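Take a look at the structure set out below.
Throughout, protein chains are lettered first and strands after them, A, B, ... in sequence-line order, and every chain is numbered starting at 1. Bear in mind that the values here come from a model prediction, so they are computed numbers and not experimental data. As a basis for the values below, the full set of heavy atoms in this structure was taken, side chains included, without hydrogen atoms, waters or symmetry mates.
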Amino acid sequence: MVKKIWKGFYIGTIYLFLYLPIFLLIIYSFNDSKYRGNWNGFTFRWYRELLRDHTIVSALYNTFAIAVLSALIATIIGTAAAIGIYHMSPKAKTVWMNITYLPVLNPDIVIGISLLALFVWMKMKLGFLTLLLAHVTFNIPYVVLAVLPKMYQLNPYLEEAALDLGATPLQAFFKVILPEILPGVITGGLLAFTLSLDDFMVSFFTTGSGVNTLSIKVYSMTKLGVSPKINALSTILFVGVLGLLAILQRRANNMKE
Amino acid sequence: MRKQWLSAPYGLWAIVFSIAPIAIIAIYSFCSRSPYGNIIYEFTLENYQKFLQPIYLRVLWRSIILAVQSTLICFILGYPIAMMIAGSGSKQKNIMVMLFVLPLWTNFLLRTYAWMVLLRDQGVINQVLMALKIIDGPLKLLYNHNAVLLGMVYNFLPFMVLPIYSVLSKIDSSFIEAAEDLGATNFQVFARVIFPLSLPGVISGLIMVFMPAVSTFVISDLLGGGQTVLLGNLIQNQFLVARNWQFGSAISMMMITLILITMGLTAKYQREGGRQLW
């Protein structure tokens with residue numbers, strides 16, 4: 001019994017440690033005071049000012065546009081790559097897997113500066129396109145690593161059966177193979193999407209002037225004096241994630257029933 | 001059509017955007033610098049020699065110390081949590097895991113910024129302590145070594161808990177029952193059965209905390225306030241402020257080496273080589 005109380009206390013403390021900062025930001029987002037020390041009453045002012053701040057709104061747009069596009073491109077290239085790698089000889093497989101682990105093990109800051117060096121060397125203008133290329137680069141390996149295990153679970157005769165029954169190779173892929181590996185493809189795509197959404201390091205080095213993502217915007221705001229608008233922004237994002245999770249959880253529960 | 005060719009677009013992409021950039025950095029790290037800071041393609045070891053100056057070695061040492069400290073603290077805090085989660089009922093389990101993943105989905109910079117709000121002189125912690133008359137003046141909580149350490153532990157703790165949990169939850173309970181039947185005490189069961197079986201998860205956790213900790217520049221920048229210069233800050237500074245790309249490249253190569261050494265040291269403990277994310 002005592003042991004159980006200790007356990008609960010320990011877990012409670014750790015969760016408090018994890019969530020205290022987040023809840024604090026949420027509370028302060030409703031505080032009608034520019035100086036975070038004291039509570040001056042409830043307000044929605046920071047939310048209104050946030051929506052009027054077009055640099056934040058455009059950063060939000062860039063963040064989601066890059067996350068969606070990079071996840072989509074990475075999912076297509078990565079899934080094709082996983083299928084190809086599955087059909088390779090063991091020796092070629094090892095080489096390809098090592099290449100795949102490269103961006104996973106390489107620290108983000110090195111990915112960032114090395115891509116910056118590449119883009120400058122290629123005389124590319126830093127901005128939306130370079131950001132997108134960078135995000136696709138660190139996203140593809142995660143898709144490959146998510147899809148590959150599904151390929152190994154696949155019954156190797158499935159495709160042959162489809163072909164024997166008169167399906168074209170394309171039909172066999174879309175009607176037989178893809179539905180089987182779809183969970184891996186979706187996991188990989190979602191992982192890519194979240195990684196892209198949360199990235200700061202790589203974006204910081206590969207973007208040009210005027211093109212911000214949310215992380216970069218927050219970083220520059222913490223440098224140039226902090227406005228309570230950041231608190232409002234964090235609250236919206238946190239509630240958004242929570243809502244998304246609730247929807248996913250509900251769908252998962254419905255599917256079980 | 002040969003199916004291997006489906007990998008071709010990825011291969012091309014990897015060569016251009018993964019391998020070539022690292023090759024460029026590797027070349028730059030051996031290049032000389034013109035009086036105006038431009039890159040001259042002449043072989044030199046100058047950039048690496050520069051790194052051996054005491055001021056930079058101190059940065060390297062500080063980065064390693066902070067990374068090791070935060071990794072150990074995450075391990076000590078995280079292992080019991082992973083065990084508790086793995087040992088709870090299936091419905092509770094899902095919620096507890098979700099609660100660890102959720103912070104990862106809120107922006108990393110916002111979470112770190114929240115600690116600035118908590119720790120500053122007029123911050124919540126100081127205000128509460130002063131209101132309770134525990135202290136007279138505000139404590140200097142922000143902009144020091146411990147603040148950076150706290151930020152690292154806070155941000156990277158889930159990376160330790162999740163891989164350990166995923167290994168622990170897959171341990172066949174009959175092993176534990178067998179050990180108990182054969183007269184092992186609780187501690188023996190843990191030390192001789194559970195812990196050895198959880199090692200692959202522990203290693204994943206150690207790597208997943210050590211790597212971002214040794215390469216970060218954001219946490220040290222925000223919570224260390226320029227007082228705590230780490231390898232990451234040095235690289236960022238050389239690339240964006242000092243514009244000495246050759247030296248920045250050399251530091252990056254050192255960082256990659258550091259990580260490869262860590263991976264090499266832990267590789268033999270990691271069975272089947274499968275690195276899992278969570």
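Contacts with chain B (heavy atom to heavy atom, under 4.5 Å) involve these residues of residues 134-141 of chain A, listed by number: A:Val136, A:Thr137, A:Ile140, A:Pro141. Of residues 85-95 of chain A, those residues with a non-hydrogen atom less than 4.5 Å from any non-hydrogen atom of chain B are, in numerical order, A:Ile85, A:His87, A:Met88.
Proximity to chain A (any heavy atom under 4.5 Å) is shown, for B:Leu99, by both the backbone and the side chain. Only the side chain of A:Thr194 comes within less than 4.5 Å of a heavy atom in chain B; its backbone stays farther off. B:Ile259 touches chain A through its side chain: at least one heavy atom from C-beta onward sits under 4.5 Å away, while N, CA, C and O do not. Heavy atoms of B:Phe239 lying under 4.5 Å from chain A belong exclusively to its side chain. Looking at A:Val120, only its side chain comes within 4.5 Å of chain B, counting heavy atoms on both sides. In this structure, chain B has heavy atoms under 4.5 Å from both the backbone and the side chain of A:Leu18. Heavy atoms of B:Ile256 lying under 4.5 Å from chain A belong exclusively to its side chain. In this structure, the portions of B:Met96 lying under 4.5 Å from any heavy atom of chain A include both its backbone and its side chain. Using a 4.5 Å cut-off between heavy atoms, A:Ile113 contacts chain B through both its backbone and its side chain. Proximity to chain B (any heavy atom under 4.5 Å) is restricted, for A:Ile109, to the side chain, taken from C-beta onward. Contact of A:Ile111 with chain B is not made at all, since no heavy-atom distance falls under 4.5 Å. Heavy atoms closer than 4.5 Å to chain A are found in both the backbone and the side chain of B:Leu77. Looking at B:Leu231, there are no atoms closer than 4.5 Å to chain A (heavy atoms on both sides), in backbone or side chain. Using a 4.5 Å cut-off between heavy atoms, A:Thr79 makes no contact with chain B at all. For B:Ile24, the part lying near chain A is the side chain, with the backbone staying farther off; criterion is any non-hydrogen pair under 4.5 Å.
If you tally non-hydrogen atom pairs under 4.5 Å between each of B:Ala14, B:Gly248, B:Pro212, B:Pro80 and chain A, the highest count goes to B:Pro80. Considering only heavy-atom pairs separated by less than 4.5 Å from chain A, the leading option among B:Leu102, B:Val218, B:Val214 is B:Leu102. Ranked by heavy-atom pairs under 4.5 Å with chain B, the list A:Ile14, A:Leu145, A:Asp108 is led by A:Ile14. No other option in A:Asp199, A:Leu116, A:Leu214, A:Leu237 has as many heavy-atom pairs under 4.5 Å with chain B as A:Leu116. Interface remark: of the candidates A:Ile83, A:Val144, A:Ile11, A:Leu197, A:Ile11 forms the most heavy-atom pairs closer than 4.5 Å to chain B.
In this view, B:Phe100 and A:Tyr15 satisfy the ring-ring contact (aromatic ring centres under 6.0 Å, His included) rule, not counting sequence neighbours. With sequence neighbours left out, the ring-ring contact (aromatic ring centres under 6.0 Å, His included) criterion links B:Trp115 to A:Phe17, B:Tyr154.
For the atom pair B:Ser7 OG and A:Ile99 CD1, the distance stands at 10.0 Å (nearest 0.5 Å). Once rounded to the nearest 0.5 Å, the distance linking OH of B:Tyr10 with OG1 of A:Thr100 reads 3.0 Å. Here the straight-line distance linking atom CD of B:Gln236 with atom CZ of A:Phe204 works out to 4.5 Å at 0.5 Å rounding. Considering CE of B:Met116 and OG1 of A:Thr222, their distance stands at 6.0 Å, rounded to 0.5 Å. Between the CZ atom in A:Phe205 and the CD1 atom in B:Ile235 there is a gap of 8.0 Å [rounded to 0.5 Å]. Here the straight-line distance linking atom CG of B:Leu104 with atom CG of A:Leu195 works out to 10.5 Å at 0.5 Å rounding.
Heavy atoms from other residues, nucleotides or ligands lying under 6.0 Å from CG of B:Asn186 number 12 at most. More than 12 heavy atoms of other residues, nucleotides or ligands lie within 6.0 Å of NZ in B:Lys93, so this atom counts as buried by the packing criterion. Within a 6.0 Å sphere centred on CZ of B:Phe187, other residues, nucleotides and ligands contribute 12 heavy atoms or fewer.
Residues A:Ser215 and B:Asn107 have side chains that bring a donor and an acceptor to within less than 3.5 angstrom of each other.
For the pair A:Ser114 and B:Pro21, the tightest heavy-atom approach, listed with the atom from each and the gap, is O-CB, 3.4 Å. Contact record, A:Trp96 with B:Gly11: CH2-CA, 3.5 Å, taken as the closest heavy-atom pair. Closest non-hydrogen pair, B:Ser18 versus A:Leu102, comes out as O-CD2, 4.1 Å. What you find for A:Met201 and B:Ser215 is that their closest heavy atoms are CE-O, 3.5 Å.
Within the 4.5 Å cutoff, no side-chain heavy atoms of A:Met221 are placed close to those of B:Tyr113.
One N or O on the side chain of A:Asp198 and one on the backbone of B:Phe108 form a donor-acceptor pair closer than 3.5 Å.
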For this session: Apply the test side chain to side chain contact (heavy atoms under 4.5 Å, CB included) to residues A:Leu24 and B:Val117: give CA-CA distance (whole Å), side-chain angles for both, the deciding distance (0.1 Å), then the verdict.
Result: CA-CA 9 Å; A:Leu24 192 80; B:Val117 178; 3.8 Å; yes
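Between A:Tyr219 and B:Phe217, the ring-plane angle classifies as perpendicular under the 30° and 60° cut-offs.
If you run side chain to side chain contact (heavy atoms under 4.5 Å, CB included) between A:Leu20 and each of B:Leu118, B:Val124, B:Ile125, only B:Leu118 comes through.
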